[in-house]
2 protein chains.
Amino acid sequence: MSEEKKWTLKSIALHLGVSNATVSNAFNRPDQLSKDKRQQILKACEELGYFGPNKAAQSLRKGTSNIVALVLPDSVEYMVSDPVASSFMRGVAGIIEERGNNILLFSGTQDNLNNVVDFVDGFICYGRPRNLNLFAHLSSVTKPVVTVDFDLPNRASVNIDNTQAAYDAASSALTQPQAQVAILGLRLLDTNVVCRVYDENLPEDLGTSIAHQRLAGYQRALREKHLTFLPELLWSIPESSEKYATIAAQEALSLTPRPNVLLCMSDLIALAAMRVAKSKGIRVPEELKIVGFDGIQEALLHSPSITTIQQNSVEKGKTAALLFLERSTQKVQLGYKLIQGQSN
Amino acid sequence: MSEEKKWTLKSIALHLGVSNATVSNAFNRPDQLSKDKRQQILKACEELGYFGPNKAAQSLRKGTSNIVALVLPDSVEYMVSDPVASSFMRGVAGIIEERGNNILLFSGTQDNLNNVVDFVDGFICYGRPRNLNLFAHLSSVTKPVVTVDFDLPNRASVNIDNTQAAYDAASSALTQPQAQVAILGLRLLDTNVVCRVYDENLPEDLGTSIAHQRLAGYQRALREKHLTFLPELLWSIPESSEKYATIAAQEALSLTPRPNVLLCMSDLIALAAMRVAKSKGIRVPEELKIVGFDGIQEALLHSPSITTIQQNSVEKGKTAALLFLERSTQKVQLGYKLIQGQSN
DNA sequence: CTGTTAGCGCCTTCAG
DNA sequence: CTGAAGGCGCTAACAG
């Protein structure tokens with residue numbers, strides 16, 4: 001540990017009196033030399049403290065690194081607070097780790113992939129990045145990309161049918177003829193504040209976002225029940241957190257007449273709404289029906305339990321990782337399950 | 001997007017009719033050429049779709065990459081499920097991201113750092129790695145290392161005084177003369193199962209682990225109160241999860257005579273114990289006092305709230321990241337706070 | 001400010 | 001199995 005010499009492939013070869021090609025082959029191409037010689041070389045290297053060819057040099061030469069970038073929709077900070085995102089990450093990590101690859105976390109707030117693109121073998125992208133420049137860059141990158149919860153032309157992807165799922169969720173709540181529906185949307189607008197969404201400020205390019213897809217599902221259910229939806233009852237919440245969701249729920253439940261159905265685009269939003277309702281003495285589901293989305297543990301265990309769409313985020317992660325490792329460009333649609341709870 | 005030529009520094013220089021040193025300087029050393037020329041070059045590069053020098057080559061040449069490996073005590077999978085670990089990660093990510101660095105997740109189950117050591121600038125190591133080979137390798141690596149919740153000679157570290165904190169927690173619970181204490185320890189033994197810990201199987205090298213430190217604190221408090229501790233009332237739980245904690249709590253609370261004080265080395269363990277007690281109709285704190293460790297949200301909001309040691313994991317993460325970025329070798333001790341809850 | 005050059009550490013090919 | 005050579009893409013040093 002004291003006289004640690006810094007070995008390189010060349011210096012090791014010299015030291016062992018063999019050609020550097022042979023050392024290289026001992027590590028990378030076992031078929032190119034005899035078992036004996038190979039064992040002998042590897043053993044000597046271990047004793048000398050040479051742990052194999054320098055990976056950075058190898059990566060430059062071969063163009064692969066066994067590192068995959070996990071591109072998060074938002075900052076890394078936010079990611080680890082969100083239970084759905086965490087589950088997804090668990091799925092990805094399980095597979096990637098098992099195959100001896102490593103994960104580089106990449107924040108979706110950055111402007112482009114330049115800082116890491118040359119280090120990694122490709123990208124798994126969870127949710128459309130918040131930064132639109134980054135989003136654009138992802139389309140043009142020459143390395144493999146797997147997208148999750150959104151699509152990119154010619155790239156592998158993993159999705160669920162958000163529109164149908166939202167339709168199912170909404171339908172289960174729209175049973176009374178006098179339903180007065182409010183929708184607490186997740187990131188319908190590209191802004192950091194809680195606000196109402198009026199038609200005119202719904203951006204065009206959101207057509208592909210899960211928020212927009214879910215909204216379409218809700219609206220289809222409403223139409224089918226011949227319910228009219230008031231545009232002022234649509235909120236955009238910037239992130240799935242208690243803080244912002246509470247603000248929106250407060251606004252919604254302070255209106256007169258008060259909505260009696262709350263369609264929430266995430267369970268965390270639904271849970272926040274539940275707390276607001278409780279604090280206002282509004283009974284769920286008698287006076288107010290609430291449905292969520294995601295199927296997180298907390299929502300299912302809550303009392304009353306929340307009606308929600310359960311998606312298997314761990315499986316989503318595993319699927320994305322496998323598609324990546326296979327260099328597939330397949331588009332996969334996973335299933336979901338409507339969980340009927342006590343909240344409607 | 002169609003005729004994407006793959007530019008290199010050299011080909012760009014040729015194309016622009018300048019020396020490659022000048023292109024390199026335009027990106028890396030603004031002082032080496034005039035503002036005008038620089039702007040002109042950068043603009044041309046952007047138009048051509050050259051996003052700057054290849055990072056892998058740069059890294060090989062310069063030996064730095066702006067990537068830091070976050071070494072986790074266990075698999076990545078486990079990491080993202082644990083609220084304390086997640087908070088720590090939030091702290092690290094906030095600082096690292098802000099400085100334009102990136103985080104590579106490294107699982108503590110791997111045998112050595114070889115897969116990534118050549119790619120990263122150094123290591124932030126959260127908790128002693130479960131794999132002891134990896135632990136050993138960390139000591140001998142030539143790049144900067146910051147350790148958290150354990151120490152390595154000549155390396156920067158971030159800790160709290162676990163022994164004192166455990167002592168404080170235990171003292172607050174040991175008020176009655178007839179205290180019958182059971183301890184639910186976290187990873188006192190290097191095994192994957194829940195089991196009792198008898199003196200003879202307490203490994204020597206655990207002297208430096210937080211579990212051992214906390215145990216020492218508990219024992220000091222017991223001694224001071226002249227309480228005798230029965231060795232069969234000490235459990236080792238392999239990870240801070242509901243599943244394993246429940247098993248241990250079940251075992252402990254099924255004994256006759258039943259312990260009336262439960263010292264738990266994490267809040268998740270304490271919460272599980274609380275649930276077990278409830279299911280058995282044991283009243284807390286009247287018949288059973290419980291103290292936890294960590295100060296996670298859920299423990300504080302629980303009813304009855306749990307007496308615990310609050311440590312600021314986000315700050316821990318920030319501190320570790322700053323020490324790393326400063327290439328410091330300082331050993332930092334952070335504070336903690338005893339939160340008196342209703343569980344004792 | 002330019003142009004050249006020598007590596008960073010490795011892999012692959014090719015003739016022997 | 002060896003040995004030599006070219007090159008992955010870049011940076012730093014140096015002479016001009």
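In what follows, chains carry the letters A, B, and so on, assigned in the order in which the sequence lines appear, proteins first and then strands, with residues in each chain numbered from 1.
In this structure, R128(B) does not pair ionically with D149(B), as no charged nitrogen and carboxylate oxygen lie closer than 4.0 Å.
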Using the 3.5 Å cut-off, write out each protein N or O paired with an N or O of nucleotides 3-7 of chain D and the distance between them.
from: dG6(D); atom 1: N2; to: R61(A); atom 2: NH1; distance (Å): 3.0
from: dG7(D); atom 1: N2; to: R61(A); atom 2: NH1; distance (Å): 3.3

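Between dT2(C) and T22(B), a contact under 4.0 Å exists linking OP1 or OP2 to a side-chain N or O. Contact check, K6(B) against dG9(D): a side-chain N or O comes under 4.0 Å of OP1 or OP2. Within the structure, every side-chain polar atom (N or O) of K62(A) is placed at least 4.0 Å from both OP1 and OP2 of dT12(C). OP1 or OP2 of dG9(C) has not a single side-chain nitrogen or oxygen of Y50(A) nearer than 4.0 Å.
The distance between atom CD of Q58(B) and atom P of dC10(D), rounded to the nearest whole Å, is 8 Å. One interatomic measurement links the two molecules: CG of L14(A) to P of dT2(D), which rounds to 13 Å at whole-angstrom precision. Atom CG of N25(B) is separated from atom P of dC10(D) by 14 Å (rounded to the nearest Å). I12(A) places its CD1 atom 13 Å from the P atom of dG9(C), with the value rounded to the nearest Å.
R38(B) comes within 4.0 angstrom of no nucleic acid atom, judged by non-hydrogen atoms across all strands. At the heavy-atom level, N28(A) lies under 4.0 Å from the strands shown only through sugar-phosphate atoms. Using a 4.0 Å heavy-atom distance criterion, L9(A) is classed as a sugar-phosphate-only contact.
Residues Y50(A) and F27(A) place their aromatic rings such that the two centres sit under 6.0 Å apart.
Out of dG9(C), dG9(D), dA12(D), the shortest distance to the side chain of R29(B) is found at dA12(D). Among the nucleotides dC10(C), dC10(D), dT2(C), the one closest to any side-chain atom of K37(B) is dT2(C).
Considering only residues two or more places apart in sequence or on other chains, Y78(A) meets the ring-ring contact (aromatic ring centres under 6.0 Å, His included) condition with none of them.
Using the six-membered ring where Trp is involved, H137(B) and F51(A) have ring planes that are tilted, between 30° and 60° apart.
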Under 3.5 Å, which donor-acceptor pairs link side chains of residues 36-44 of chain A to any protein atom two or more places apart or in another chain?
from: R38(A); atom 1: NH1; to: A26(A); atom 2: O; distance (Å): 2.3

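In this structure, R90(B) is not positioned above the aromatic face of F88(B) in the sense of NZ or CZ being under 6.0 Å from the six-membered ring centre and within 45° of the axis.
Residue E98(B) places its CD atom among more than 12 non-hydrogen atoms of other residues, nucleotides or ligands, all under 6.0 Å distant.
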